[in-house]
Student: 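Pasting a structure below so you can have a look.
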There are 2 protein chains.
Amino acid sequence: MKINTNDPADLSAQIAKAIRDAIIAGQLIIDERLPSEQELAEQFQVSRPTVREALKRLAAQSLIRTQRGAFGGAFVNRIQYQDAYSQHVTTSTLLLSMNDVSFDVACEARFAMERACAPMACARRTADHLATMRAEIHRQSQPGLSDESWCASDVTFHRAFVDAAGNPVMSYQLAGAVEAMQPLMNMITFTARSREKIIDLHGRIADAVETQSPDTCDQLLDELATYTAELAANVLTARANRDAER
Amino acid sequence: MKINTNDPADLSAQIAKAIRDAIIAGQLIIDERLPSEQELAEQFQVSRPTVREALKRLAAQSLIRTQRGAFGGAFVNRIQYQDAYSQHVTTSTLLLSMNDVSFDVACEARFAMERACAPMACARRTADHLATMRAEIHRQSQPGLSDESWCASDVTFHRAFVDAAGNPVMSYQLAGAVEAMQPLMNMITFTARSREKIIDLHGRIADAVETQSPDTCDQLLDELATYTAELAANVLTARANRDAER
DNA sequence: TAATTTTCATTTGTCAGACATTTAAAAGTC
DNA sequence: GACTTTTAAATGTCTGACAAATGAAAATTA
């Protein structure tokens with residue numbers, strides 16, 4: 001595990017990369033203890049603060065965890081679904097919101113991936129998943145629900161749908177697509193009329209999942225995707241007109 | 001932007017969280033300069049090394065970039081597809097390899113998501129995508145190709161297929177599913193016979209994309225998924241038998 | 001002897017202060 | 001005006017120190 005002396009990057013970044021590569025390559029196995037900060041400092045010929053900065057970089061990626069005390073230290077961490085999940089959502093959300101990703105592109109990706117869940121969700125859905133979906137549909141039909149809460153409920157509904165597929169890897173991968181859309185959805189104005197239509201579609205999707213009709217489910221998701229894109233297009237048109245008036 | 005004094009986490013973790021939340025909430029916009037390390041230290045009532053550790057955590061997530069010199073500092077970073085991509089691949093790879101995710105589950109998720117690309121890939125593929133796919137098929141048919149190179153070529157082929165869908169969000173999301181499978185694929189022994197069958201399927205998938213036949217494409221991906229899972233099952237059976245003999 | 005308490009060494013967490021290096025604006029020079 | 005030099009500000013790195021946590025080992029006690 002050595003650092004490249006020609007690398008222009010910060011020492012802490014180089015050290016972090018060296019350790020990260022060792023973990024990915026399997027040279028450091030799960031729960032293995034890294035040398036103490038003092039020892040690492042000597043190995044890499046740097047000071048302890050520099051080593052610490054490197055370790056914090058790795059901790060931020062959930063690659064290691066640290067423990068204080070006599071037999072403490074830095075340990076190679078077993079990445080949990082939850083850690084990976086939240087990291088993925090954060091990165092995806094920022095990626096979409098910071099790069100002016102068009103609503104259409106994000107929407108297309110999201111619904112294409114969700115439709116991939118349809119057959120599995122229909123085949124494996126449990127009562128729990130159905131109950132969550134129905135509960136969110138009920139929440140959505142409550143009058144006076146704020147736009148923000150509406151979008152949050154929408155995300156919960158779709159997460160339940162994805163989880164119904166019973167494949168944790170799928171749930172993890174889809175998380176980025178589904179949750180990262182929320183800020184983009186927040187830009188849409190959901191009138192009572194549009195909410196009604198979406199609620200109706202949600203209800204029919206839940207029905208299709210319950211009756212295990214993947215084709216119907218697929219078709220309804222397509223309809224929902226089209227309608228959502230339409231709503232977004234209207235917002236954009238209205239905004240363009242308003243800007244043109246000025 | 002304040003830190004919770006009841007939080008048991010490290011100060012640097014708390015500070016990183018506070019700044020991260022501010023970025024996510026849009027309180028800090030792209031390319032905005034954060035206060036200097038000295039000023040942050042005063043704001044949060046901690047020392048400069050602690051602030052630096054927090055900033056390194058954020059840098060590890062590509063949330064900020066730093067620049068030395070007068071008028072330098074830490075700036076909110078616009079997350080690029082490439083940054084998000086490599087982070088996603090790293091996390092996904094470790095998640096799969098560290099958690100004994102069954103081959104079936106990962107394989108199912110990957111091919112389900114790839115099949116979601118089929119209609120888009122058929123509709124939008126360019127000559128470049130087709131050329132990359134053909135080139136990898138050619139590479140795969142070379143005798144004496146190492147197992148590792150074979151798997152790498154397989155990943156490149158599938159990436160080209162996904163990219164053909166012409167949706168960068170899709171490419172980003174799929175990256176985790178496709179590339180993270182590579183270490184799992186490396187455990188499979190690809191005999192000349194099994195390679196031949198896969199090459200044939202790859203060729204027919206490329207044909208289907210070229211002739212824009214999404215249904216054929218879908219079906220071929222399904223076949224490939226089934227065959228891959230079969231190969232993996234054989235490896236597992238053989239391994240179980242060998243272990244039983246001992 | 002067995003159980004409990006205390007001590008202690010080790011390690012991470014945090015701090016203070018210093019110097020090196022980089023960078024671009026500002027001042028000076030031709 | 002164009003070029004060079006100076007300078008101030010910021011990050012990068014180092015040294016040394018102390019605080020806090022933690023589990024092992026030693027000491028104490030029943």
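Per chain, numbering begins at 1; letters A, B, ... match sequence-line order.
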Student: Under the criterion salt bridge (Lys or Arg N to Asp or Glu O under 4.0 Å), I'd like the reasoning laid out for A/R139 against A/E136: C-alpha separation, chi angles, the key distance, then a yes or no.
Tutor: CA-CA 5 Å; A/R139 184 198 309 273; A/E136 292 304 325; 3.0 Å; yes
Student: Kindly write out the residues that satisfy ring pair (Phe, Tyr, Trp, His ring centres under 6.0 Å) with A/F190, not counting sequence neighbours, or none if the list is empty.
Tutor: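 Here the qualifying residues are A/W150.
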Student: Any side-chain hydrogen bond (donor to acceptor under 3.5 Å, both in side chains) involving residues 33-43 of chain B? Give me the pairs, sequence neighbours left out, ordered by first then second residue.
Tutor: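 Found B/S36-B/E39, B/E37-B/R48, B/E37-B/R52.
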Student: Does anything in residues 49-64 of chain A reach DNA chain D, meaning a heavy atom under 4.0 Å, and if so which residues?
Tutor: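 Under 4.0 Å from DNA chain D: A/P49, A/T50.
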Student: Need one value for A/R65: base, sugar-phosphate or nothing, where a base atom within 4.0 Å counts as base even if backbone is also close, heavy atoms only.
Tutor: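 A/R65: no heavy atom of the nucleic acid under 4.0 Å.
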Student: What side-chain donor-acceptor pairs closer than 3.5 Å can you find for residues 168-178 of chain B, not counting sequence neighbours?
Tutor:
{"residue": "B/S171", "atom": "OG", "partner": "B/D163", "partner atom": "OD1", "Å": "2.8"}
{"residue": "B/Y172", "atom": "OH", "partner": "A/S92", "partner atom": "OG", "Å": "2.9"}
{"residue": "B/Q173", "atom": "OE1", "partner": "A/H88", "partner atom": "NE2", "Å": "3.0"}

Student: What residues, two or more places apart in sequence or in another chain, satisfy ring pair (Phe, Tyr, Trp, His ring centres under 6.0 Å) together with A/F161?
Tutor: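 Per chain and number, A/F161 pairs via ring pair (Phe, Tyr, Trp, His ring centres under 6.0 Å) with no residue.
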Student: Could you tabulate the donor-acceptor pairs under 3.5 Å formed by side-chain atoms of residues 69-79 of chain B, not counting sequence neighbours?
Tutor:
{"residue": "B/N77", "atom": "OD1", "partner": "B/R65", "partner atom": "NH1", "Å": "3.2"}
{"residue": "B/N77", "atom": "ND2", "partner": "B/S62", "partner atom": "O", "Å": "3.3"}
{"residue": "B/R78", "atom": "NH1", "partner": "A/M98", "partner atom": "O", "Å": "2.3"}

Student: Quick one: which residue pairs count as a salt bridge (Lys or Arg N to Asp or Glu O under 4.0 Å) with a foot in residues 103-116 of chain B, not counting sequence neighbours?
Tutor: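 As it turns out, the salt bridge (Lys or Arg N to Asp or Glu O under 4.0 Å) pairs with a partner in residues 103-116 of chain B, which skip direct neighbours, are A/R124-B/E108, B/R110-B/E114, B/R110-B/D154, B/R115-B/D218, B/R115-B/D222.
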Student: Which pairs pass salt bridge (Lys or Arg N to Asp or Glu O under 4.0 Å) with one or both residues in residues 167-180 of chain A, sequence neighbours excluded?
Tutor: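 For residues 167-180 of chain A, and leaving out neighbouring residues, the salt bridge (Lys or Arg N to Asp or Glu O under 4.0 Å) pairs sorted by first residue read A/R159-A/E179.
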Student: Each nucleotide in nucleotides 17-23 of chain D should get exactly one letter: B, S or -. Can you fill that in based on protein heavy atoms under 4.0 Å?
Tutor: B-BBBBS
Student: Of all nucleotides in DNA chain C with an atom under 4.0 Å from a non-hydrogen atom of chain B, which is the first and which the last going 5' to 3'?
Tutor: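 Extent of the interface on DNA chain C: C/dG13 to C/dA25.
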Student: Can you list everything that forms a ring pair (Phe, Tyr, Trp, His ring centres under 6.0 Å) with B/Y85? Sequence neighbours excluded, please.
Tutor: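 Result, ring pair (Phe, Tyr, Trp, His ring centres under 6.0 Å) vs B/Y85: none returned.
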Student: Just the rounded figure in Å: distance from C1' of D/dA9 to CD of B/E37.
Tutor: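 These atoms are roughly 12 Å apart.
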Student: Could you name each residue pair satisfying salt bridge (Lys or Arg N to Asp or Glu O under 4.0 Å) that touches residues 82-93 of chain B, not counting sequence neighbours?
Tutor: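 Output for this query is empty, none listed.
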